Amino acid sequence: IPNSGHKYYLQFSTEDYRTGEDAGTCLATVLYPKKKSPPVVTIKCSHTKDQNEIQEEDNRLYQRIRQQTKPITGSNIPDSYGNIEPALEPAWALAVAGSSSIMWEKSTEDLGYFLAQVKSVKQWMRKDDFIEFDYTVLLHEMPTQEMISCHMRLTWLPGRPLKVKHFCASEHRRPEDGSGLGSGSAAGLSEEGGATF
């Protein structure tokens, strides 16, 4: 689009990241403005699972995490053979969801990202109903093949949006400030059980 940027029309299918089952199809338009600013995205999806089924899955994941008597901690998820310990599956599931918001924010018309590995995870035990984790994740940047390390603080309660605050650094670039205090940020939430971010 002259003087505006490039606009893409996409049709794609989605799948459940755990089971590989079809999760629906989406139609989207993405406008990458000429000036350096986030893309403008319009998306409509049809889901094969109904909202009640999705909510039930969220609640099962939440209860599994809440039933832990000790904080979940781990490193190198998945391991060098691609395995994930069953006890760390909930932490991995939240890492997938949380890192997708980082990838969404960092992606450009020329660069894309994939979650390569959770280098470390630590759960903060909170007095309220929220679940909170600190992660260090490695994102695989395409097409540069660079590995980007990001620290991510994730806060979640079923039925509410996932809140993610992050900071990413790269050897070849100056450190980036990461997420701010806007929508989707965990800034300002009680951190009574955790360290200062």
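What you see below is based on every heavy atom in this structure, not just the backbone, and it leaves out hydrogens, waters and symmetry mates. Not measured: the values here are computed from a predicted model.
Rounded to the nearest 0.5 Å, atoms OG (Ser107) and CG (Leu139) are 9.0 Å apart. Note: Gln123 CD to Leu154 CG = 11.0 Å, rounded to the nearest 0.5 Å. The distance from atom CD of Glu109 to atom NZ of Lys34, rounded to the nearest 0.5 Å, is 11.0 Å. Once rounded to the nearest 0.5 Å, the distance linking CD of Glu132 with CH2 of Trp124 reads 8.0 Å.
A 4.5 Å side-chain heavy-atom check between Pro143 and Leu111 finds at least one atom pair inside the cut-off. Using a 4.5 Å heavy-atom cutoff, the side chains of Glu141 and Met147 are not in contact. In this structure, the side chains of Lys163 and Lys165 stay at 4.5 Å or more apart for every pair of heavy atoms. The shortest side-chain heavy-atom distance between Thr155 and Arg126 falls under the 4.5 Å cut-off. For the pair Trp156 and Tyr62, the minimum side-chain heavy-atom distance is below 4.5 Å.
The hydrophobic cluster containing Leu10 also contains Tyr32, counting ILVMFWY residues as joined when their side-chain heavy atoms lie under 4.5 angstrom apart, directly or transitively.
Residue pairs satisfying the salt bridge (charged side-chain N to carboxylate O under 4.0 Å, His left out) criterion with at least one member in residues 5-15, sequence neighbours excluded, are absent. A salt bridge (charged side-chain N to carboxylate O under 4.0 Å, His left out) check over residues 93-102, counting only residues at least two apart or in different chains, returns nothing. For residues 37-46, there are no salt bridge (charged side-chain N to carboxylate O under 4.0 Å, His left out) pairs, not counting sequence neighbours.
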Taking only distance into account, with no hydrogens and no angle test, what donor-acceptor pairs under 3.5 Å do side-chain atoms of residues 87-99 form with protein atoms, sequence neighbours excluded?
{"unit_1": "Ser99", "atom_1": "OG", "unit_2": "Ala95", "atom_2": "O", "d": "2.7"}
{"unit_1": "Ser99", "atom_1": "OG", "unit_2": "Val96", "atom_2": "O", "d": "3.3"}

Mind listing the side-chain donor-acceptor pairs of residues 68-79 below 3.5 Å, one per line with the distance, residues two or more places apart or on another chain?
{"unit_1": "Asn76", "atom_1": "OD1", "unit_2": "Lys119", "atom_2": "NZ", "d": "2.8"}
{"unit_1": "Asp79", "atom_1": "OD1", "unit_2": "Tyr81", "atom_2": "N", "d": "2.9"}
{"unit_1": "Asp79", "atom_1": "OD1", "unit_2": "Gly82", "atom_2": "N", "d": "3.1"}
{"unit_1": "Asp79", "atom_1": "OD1", "unit_2": "Asn83", "atom_2": "N", "d": "2.9"}

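Using modelled atom types, one side-chain atom of Thr14 and one backbone atom of Gly24 make a donor-acceptor pair closer than 3.5 Å.
Listed by chain and residue number, Asp129 satisfy the salt bridge (Lys or Arg N to Asp or Glu O under 4.0 Å) test with Arg66 (two or more places apart in sequence, or in another chain).
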Kindly determine whether Leu162 and Ser101 satisfy side chain to side chain contact (heavy atoms under 4.5 Å, CB included), including the steps that lead there. CA-CA 9 Å; Leu162 196 64; Ser101 71; over 6 Å; no
